[in-house]
Number of protein chains: 2
Amino acid sequence: MDKKAPKKHDESLDPEFLASVCKALGHPARVSIMQFLRNTDHCICGEIVELLPLAQSTVSQHLKCLKDAGLIKGEIEGPRTCYCVNKDILNKFLQMAGAL
Amino acid sequence: MDKKAPKKHDESLDPEFLASVCKALGHPARVSIMQFLRNTDHCICGEIVELLPLAQSTVSQHLKCLKDAGLIKGEIEGPRTCYCVNKDILNKFLQMAGAL
DNA sequence: CTGGTTTATCGTAATTAAACGATAAGAGAA
DNA sequence: TTCTCTTATCGTTTAATTACGATAAACCAG
């Protein structure tokens with residue numbers, strides 16, 4: 001009945017979105033990564049591997065998980081990759097969580 | 001070295017706590033339950049089963065998950081159980097999440 | 001081009017989560 | 001007591017997560 005958005009189903013209450021972000025934050029290593037990225041402000045990459053007591057491949061997997069959820073962005077800089085927090089998604093998450 | 005709290009390790013930054021709460025919220029059904037409990041204000045029980053397209057045993061499992069994480073409290077009232085949000089834990093979660 | 005550095009992906013094994021039906025346990029009503 | 005209603009738990013199957021080592025891919029330095 002509206003002009004646009006034929007089946008926009010009010011994402012601001014969408015349990016799928018909130019659940020997917022929470023799921024990504026549902027592991028201590030990934031929470032630590034988010035806290036670290038927040039504190040450094042700068043984008044960092046390989047330092048995260050040193051930070052955690054996990055194999056490099058495992059850390060890379062966790063980073064992918066956070067990226068898939070939209071919580072972080074990765075930028076390739078030469079031979080390495082720099083990650084930083086995606087504040088848009090993070091804020092949206094905080095807003096939805098706050099509505100609980 | 002302090003009088004109390006021999007090994008209090010600053011829970012306000014503890015990734016374990018935040019991760020465990022997020023993990024509990026990492027499923028659409030459980031997010032829906034939290035939203036529903038928030039909106040009703042009243043404690044509810046069997047209505048949650050009708051709300052979701054899931055078997056009663058599955059819903060009960062999700063409720064247990066939320067309860068184990070501390071997000072909800074359950075009270076036995078006669079033959080039925082009433083659940084309500086545990087605001088202490090929820091607020092603690094929101095505070096920690098906000099620090100991200 | 002060759003070698004070193006950095007990160008992502010593949011393959012795999014072990015653990016955990018999700019869903020269901022069936023069953024048990026508890027409280028009231030008849 | 002017996003029957004019904006409500007909810008939790010058990011047992012099971014299927015799917016997803018977590019972790020690792022090994023390997024591939026991309027980039028620079030020499």
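Just so we're on the same page: letters track the sequence lines, and every chain starts at 1.
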Over all heavy atoms of both residues, which pair between A/Q35 and B/L100 is shortest? Give the atoms and the distance, please. CG-CD2, 3.8 Å

Could you state the NE2-C1' distance from A/H62 to D/dA16, rounded to the nearest angstrom? 14 Å

Qualifying side-chain hydrogen bond (donor to acceptor under 3.5 Å, both in side chains) pairs with a residue from residues 46-62 of chain A, counting only residues at least two apart or across chains: A/R30-A/H62

Round to a whole Å and report the spacing from CD1 of B/I48 to C1' of D/dA8. 14 Å

Roughly how many Å is it from CD in B/Q56 to C1' in C/dG21, rounded to a whole number? 11 Å

What bend angle does the helix from C/dC1-D/dG30 to C/dA30-D/dT1 show across its length, from five-pair end axes and to the nearest 10 degrees? 10°

CG-CD1 distance between A/L94 and A/I89, expressed to the nearest 0.5 angstrom: 11.5 Å

Side chain proximity check, A/I44 to A/C82, heavy atoms < 4.5 angstrom: no

Separation of C/dT6 atom P from A/I44 atom CD1, nearest Å, is 14 Å

Which of C/dT7, D/dT7, D/dG21 is nearest the side chain of A/A55? It is D/dG21

Given side chains that start at C-beta, do those of B/I72 and B/C84 come closer than 4.5 Å, heavy atoms only? no

For A/L63 and D/dT17, what is the distance between atoms CG and P respectively, to the nearest whole Å? 16 Å

Are A/Y83 and C/dT6 close enough that a side-chain N or O sits under 4.0 Å from OP1 or OP2? no

For B/D88, which residues count as a side chain to side chain contact (heavy atoms under 4.5 Å, CB included) partner, sequence neighbours excluded? B/N86

Nearest heavy atom decides the nucleotide; on that basis, is B/S60 or A/G26 closer to the 5' end of DNA chain D? B/S60

Can you tell me if the side-chain N/O atoms of B/T58 get under 4.0 Å from OP1 or OP2 in C/dA19? no

Send over the distance from A/E47 CD to C/dT7 C1', rounded to a whole Å. 15 Å

If you define the side chain from C-beta out and look only at heavy atoms, does anything of B/L90 sit under 4.5 Å from B/L71? yes

Table please: side-chain donor-acceptor pairs of residues 17-27 of chain B below 3.5 Å, with sequence neighbours left out.
unit_1: B/S20; atom_1: OG; unit_2: B/F17; atom_2: O; d: 2.9
unit_1: B/H27; atom_1: ND1; unit_2: B/A29; atom_2: N; d: 3.1

Just the atom pairs and distances: protein N or O near nucleotides 10-17 of chain C's N or O, under 3.5 Å.
unit_1: C/dA17; atom_1: OP1; unit_2: B/K23; atom_2: NZ; d: 3.0

Side chains of B/L52 and B/I33: does their closest heavy-atom pair fall under 4.5 Å? yes

Pairs satisfying ring pair (Phe, Tyr, Trp, His ring centres under 6.0 Å), at least one member in residues 76-96 of chain A, at least two apart: none

Under 4.0 Å, heavy atom to any atom of DNA chain D: which of residues 64-81 of chain A qualify? A/G78, A/P79

Salt bridge (charged side-chain N to carboxylate O under 4.0 Å, His left out): pairs with one or both residues in residues 61-77 of chain B, sequence neighbours excluded: B/K64-B/D68

